[in-house]
Amino acid sequence: MASLSLKGIYKKYPGGVVAVSDFNLEIKDKEFIILVGPSGCGKSTTLRMIAGLEEISDGELYIGDRLVNDIAPKDRDIAMVFQNYALYPHMTVYENMAFGLKLRKTPKDEIRRRVEEAARILDIEHLLERKPKALSGGQRQRVALGRAIVREPKVFLLDEPLSNLDAKLRAQMRTELTKLHVRLGTTFIYVTHDQVEAMTMADRIVVMKDGLIQQVATPPDLYDKPANLFVAGFIGTPQMNSVDAMVRKIDGKFFVEFGSERTKTSEGKKYLVEISDEKNRHDIFSQYIDKPVILGIRPEHIYENEEMIANATSGVIECNVEVTELMGAETYLYLNCEGYPLVARVTGKAAAKAGDTVKLAIDPKAIHVFDKDTEKTICN
């Protein structure tokens, strides 16, 4: 098994295009790391540099204690699973899984042992004599995984392996991959643009944007303590609400204020959400008094509970309901609050319907505040 160390990795293309910039990451042995971010953020390029399919422009890549910048892909002791499976259509499942071992001149008995063991792990023993065209998408994905497993590599690289599957099968395969990682006890590096995959499978997540690492953290830390506005908005479904606001100090207490200005045709309303002492550590908000910030609040922290609204000392807002979505055990309310779009995630069936005006409460303990200029987190 192997740890990996990426030190100051860059990928530069002709014409001055920088796809990956100053990528630094230490990956522990047996860790499940997921690179996540929007299309074009550099995550697949990073994976291909680890595999040796893309040349590293600058920096050092170690697998274990060995510098592998100039080592050929076949000698890096890694296995890669691609988005499109890349199976040979004229070969049976057995032949597809055995092909890499045959090229390495592995003895036939050892090939059979490894292929049958991998097929048993993946529950595809009954498919070994079939050809890829006779398999479903999920079965082809298992074969692609099996072909990687038989090589017994130190590191598995997976590039959006579930993106071609339907939603139900994708959820099932997420569970299967997590079990497989535990069973094999191998280092997994996985690329996806789907933050649900990242949150449910990873030991740690690397969030990328424009070739740069935005944050590296465990799923709970990433969700509860985002480093900046981009991470806060990217992680979570529905995504975090963000509202332009101002910091105010009233009677010795700090508040975030948002709402609409009074005009000739509208009275305008302002809402205050108190900033707790816990969130105002080291009196950081003193430097933001009467300055613009961005207020962040996750949909599950906007409540319609009447008791909570009655007991709230700040954060009670009035909104127009534009759309409701019943998701089974919960309902999403798409709202307009003084011109700001908000989403609330409430338990059960909401009584509110499109066109209604409702009172809701923002939980002050759950707010996030971001610097307006840098978009970095002031408090979580």
Inset, instruction - Spell out, yes or no, whether Leu222 and Val216 are grouped together once hydrophobic residues are joined by side-chain heavy atoms under 4.5 Å, including indirect joins. - result: no
Inset, instruction - Check whether any side-chain heavy atom of Leu360 lies under 4.5 Å from a side-chain heavy atom of Cys319, and answer yes or no. - result: yes
Inset, instruction - Please answer whether the main-chain N or O of Phe32 pairs with a side-chain N or O of Asp203 as donor and acceptor at a distance below 3.5 Å. - result: yes
Inset, instruction - Please confirm whether the backbone N or O of Asn380 pairs with a side-chain atom of Lys279, one donor and one acceptor, at under 3.5 Å? - result: yes
Inset, instruction - Consider only side-chain heavy atoms of I, L, V, M, F, W and Y, link residues closer than 4.5 Å, and tell whether Leu53 and Phe188 are in one cluster. - result: no
Legend entry - Hydrophobic cluster of Met327, others only, ordered by chain and residue number, side-chain cut-off 4.5 Å: Val323, Tyr332, Tyr334, Val343
Legend entry - same_hphob_cluster(Met201, Ile33) at 4.5 Å side-chain heavy-atom cutoff: no
Inset, instruction - Find out whether Phe230 and Gln215 are in side-chain contact, i.e. whether some heavy atom of one side chain is under 4.5 Å from a heavy atom of the other. - result: no
Inset, instruction - Check for a donor-acceptor pair, side chain of Thr45 on one end and backbone N or O of Ala19 on the other, with a separation under 3.5 Å. - result: no
Legend entry - Transitive ILVMFWY side-chain link Ile63 to Phe156, under 4.5 Å: no
Legend entry - Check: Asn320/Thr357 side-chain N/O donor and acceptor closer than 3.5 Å: yes
Legend entry - By side chain to side chain contact (heavy atoms under 4.5 Å, CB included) - contacts of Met308 (at least two apart): Tyr303, Asn305
Inset, instruction - Could you tell me whether the side chains of Thr187 and Glu31 share a donor-acceptor contact shorter than 3.5 Å? - result: no
Inset, instruction - Return the set of residues passing salt bridge (charged side-chain N to carboxylate O under 4.0 Å, His left out) with Lys359 (not counting sequence neighbours), or none when no residue passes. - result: none
Inset, instruction - Flag the pair Leu6 / Thr46 as yes when at least one side-chain heavy-atom distance between them is below 4.5 Å, and no otherwise. - result: yes
Legend entry - Closest heavy-atom pair and its distance - Ile34, Glu197: CD1-O, 3.8 Å
Inset, instruction - Hey, could you give me the CE/NZ distance between Met97 and Lys102, rounded to the nearest 0.5 Å? - result: 12.5 Å
Inset, instruction - Compare all side-chain heavy atoms of Met199 with those of Thr237 and state whether any distance is below 4.5 angstrom. - result: no
Legend entry - Any donor-acceptor pair under 3.5 Å from His90 side chain to Lys131 backbone: no
Legend entry - Any side-chain heavy-atom pair of Asn96 and Val93 under 4.5 Å: no
Inset, instruction - Go through the structure and list residues passing salt bridge (charged side-chain N to carboxylate O under 4.0 Å, His left out) with Glu60, not counting sequence neighbours. - result: none
Inset, instruction - Taking all heavy atoms of Pro226 and all of Thr377, pick out the closest pair and write down the distance. - result: O-OG1, 2.6 Å
Inset, instruction - Please examine the side chains of Val36 and Phe234, heavy atoms only from C-beta on, and report whether any two atoms are closer than 4.5 Å. - result: yes
Legend entry - Closest contact, heavy atoms only, Ile235 versus Arg298: O-NH1, 2.9 Å
Inset, instruction - Applying salt bridge (Lys or Arg N to Asp or Glu O under 4.0 Å), run through Glu300 and Arg345 and close with a yes or a no. - result: CA-CA 5 Å; Glu300 63 268 29; Arg345 187 165 79 186; 3.7 Å; yes
Legend entry - Expected output: side-chain Arg104 to main-chain Arg151 donor-acceptor under 3.5 Å: no
Legend entry - Residues, nucleotides or ligands: over 12 heavy atoms within 6.0 Å of Lys270 NZ: yes
Legend entry - Set of salt bridge (charged side-chain N to carboxylate O under 4.0 Å, His left out) partners for Lys179, sequence neighbours left out: none
Legend entry - Least distance between heavy atoms, Met91 atom then Pro132 atom: O-CD, 3.2 Å
Legend entry - Those residues that, when tested against Ala366, pass side chain to side chain contact (heavy atoms under 4.5 Å, CB included) (two or more places apart): Ile297, His301, Asp363
Legend entry - Backbone N/O of Gly37 and side chain of Lys43: donor-acceptor pair under 3.5 Å: yes
Compile the donor-acceptor pairs under 3.5 Å between side chains in residues 70-80 and protein atoms, sequence neighbours left out, one pair per line.
{"unit_1": "Arg76", "atom_1": "NE", "unit_2": "Ile71", "atom_2": "O", "d": "2.9"}
{"unit_1": "Arg76", "atom_1": "NH1", "unit_2": "Met49", "atom_2": "O", "d": "3.0"}
{"unit_1": "Arg76", "atom_1": "NH1", "unit_2": "Ile50", "atom_2": "O", "d": "2.9"}
{"unit_1": "Arg76", "atom_1": "NH2", "unit_2": "Val68", "atom_2": "O", "d": "2.9"}
{"unit_1": "Arg76", "atom_1": "NH2", "unit_2": "Asn69", "atom_2": "O", "d": "3.4"}
{"unit_1": "Arg76", "atom_1": "NH2", "unit_2": "Ile71", "atom_2": "O", "d": "3.1"}

Inset, instruction - Compare every heavy atom of Met240 with every heavy atom of His368, then report the nearest pair and how far apart it is. - result: CD2-CE, 3.4 Å
Legend entry - Identified side-chain contact (heavy atoms from CB on, under 4.5 Å) partner of Ile362 from the options Leu342, Ile317, Asn241: Ile317
Inset, instruction - Inspect the surroundings of CG in Asp283 and state if more than 12 heavy atoms from other residues, nucleotides or ligands are less than 6.0 Å away. - result: yes
Inset, instruction - Give a yes or no answer on whether the side chain of Asp194 reaches the backbone of Ala198 with a donor-acceptor pair at less than 3.5 Å. - result: no
Legend entry - Heavy-atom side-chain contact between Glu176 and Arg142 under 4.5 Å: yes
Inset, instruction - Look at the side chain of Lys7 and the backbone N and O of Asn24, then say whether any donor-acceptor pair between them is shorter than 3.5 Å. - result: no
Inset, instruction - Report the distance from atom CZ of Phe254 to atom OG of Ser286, rounding to the nearest 0.5 Å. - result: 3.5 Å
Inset, instruction - Check ring pair (Phe, Tyr, Trp, His ring centres under 6.0 Å) between Tyr88 and all other residues, then give those that pass, not counting sequence neighbours. - result: Phe99
Legend entry - Test salt bridge (charged side-chain N to carboxylate O under 4.0 Å, His left out) applied to Arg113 - qualifying residues, sequence neighbours left out: Glu110, Glu152
Inset, instruction - Following the transitive rule for hydrophobic clusters with a side-chain heavy-atom cut-off under 4.5 Å over Ile, Leu, Val, Met, Phe, Trp and Tyr, establish whether Val247 and Leu229 coincide in one cluster. - result: no
Legend entry - Contact check, side chains of Leu61 and Leu67, non-hydrogen atoms, under 4.5 Å: no
Inset, instruction - Go through the structure and list residues passing side chain to side chain contact (heavy atoms under 4.5 Å, CB included) with Ala171, not counting sequence neighbours. - result: Arg174
Inset, instruction - Give a yes or no on whether Glu322 atom CD has more than 12 heavy-atom contacts from other residues, nucleotides or ligands under 6.0 Å away. - result: yes
Inset, instruction - Return the set of residues passing ring pair (Phe, Tyr, Trp, His ring centres under 6.0 Å) with Tyr288 (not counting sequence neighbours), or none when no residue passes. - result: none
Legend entry - N-O pairing of Glu117 and Arg114 below 4.0 Å: no
Inset, instruction - Check whether any side-chain N or O of Ser242 sits under 3.5 Å from a backbone N or O of Gly296 as a donor-acceptor pair, and report yes or no. - result: no
Inset, instruction - Kindly say whether Glu318 contributes a backbone atom to a donor-acceptor pair with the side chain of Tyr271 at under 3.5 angstrom? - result: yes
Legend entry - Within 6.0 Å of CG in Asp109, more than 12 heavy atoms from elsewhere: no
Inset, instruction - Compare every heavy atom of Leu35 with every heavy atom of Phe23, then report the nearest pair and how far apart it is. - result: CZ-CD2, 4.2 Å
Legend entry - Set of side chain to side chain contact (heavy atoms under 4.5 Å, CB included) partners for Glu306, sequence neighbours left out: none
Inset, instruction - Can you measure from OG1 (Thr331) to CG (Leu326) and round to the nearest 0.5 angstrom? - result: 4.5 Å
Inset, instruction - Decide, yes or no, whether a salt bridge links Asp29 with Lys154 under the criterion of side-chain N to carboxylate O below 4.0 Å. - result: no
Inset, instruction - Mind telling me whether Phe258 and Tyr340 have parallel, tilted or perpendicular rings, with 30° and 60° as the class edges? - result: perpendicular
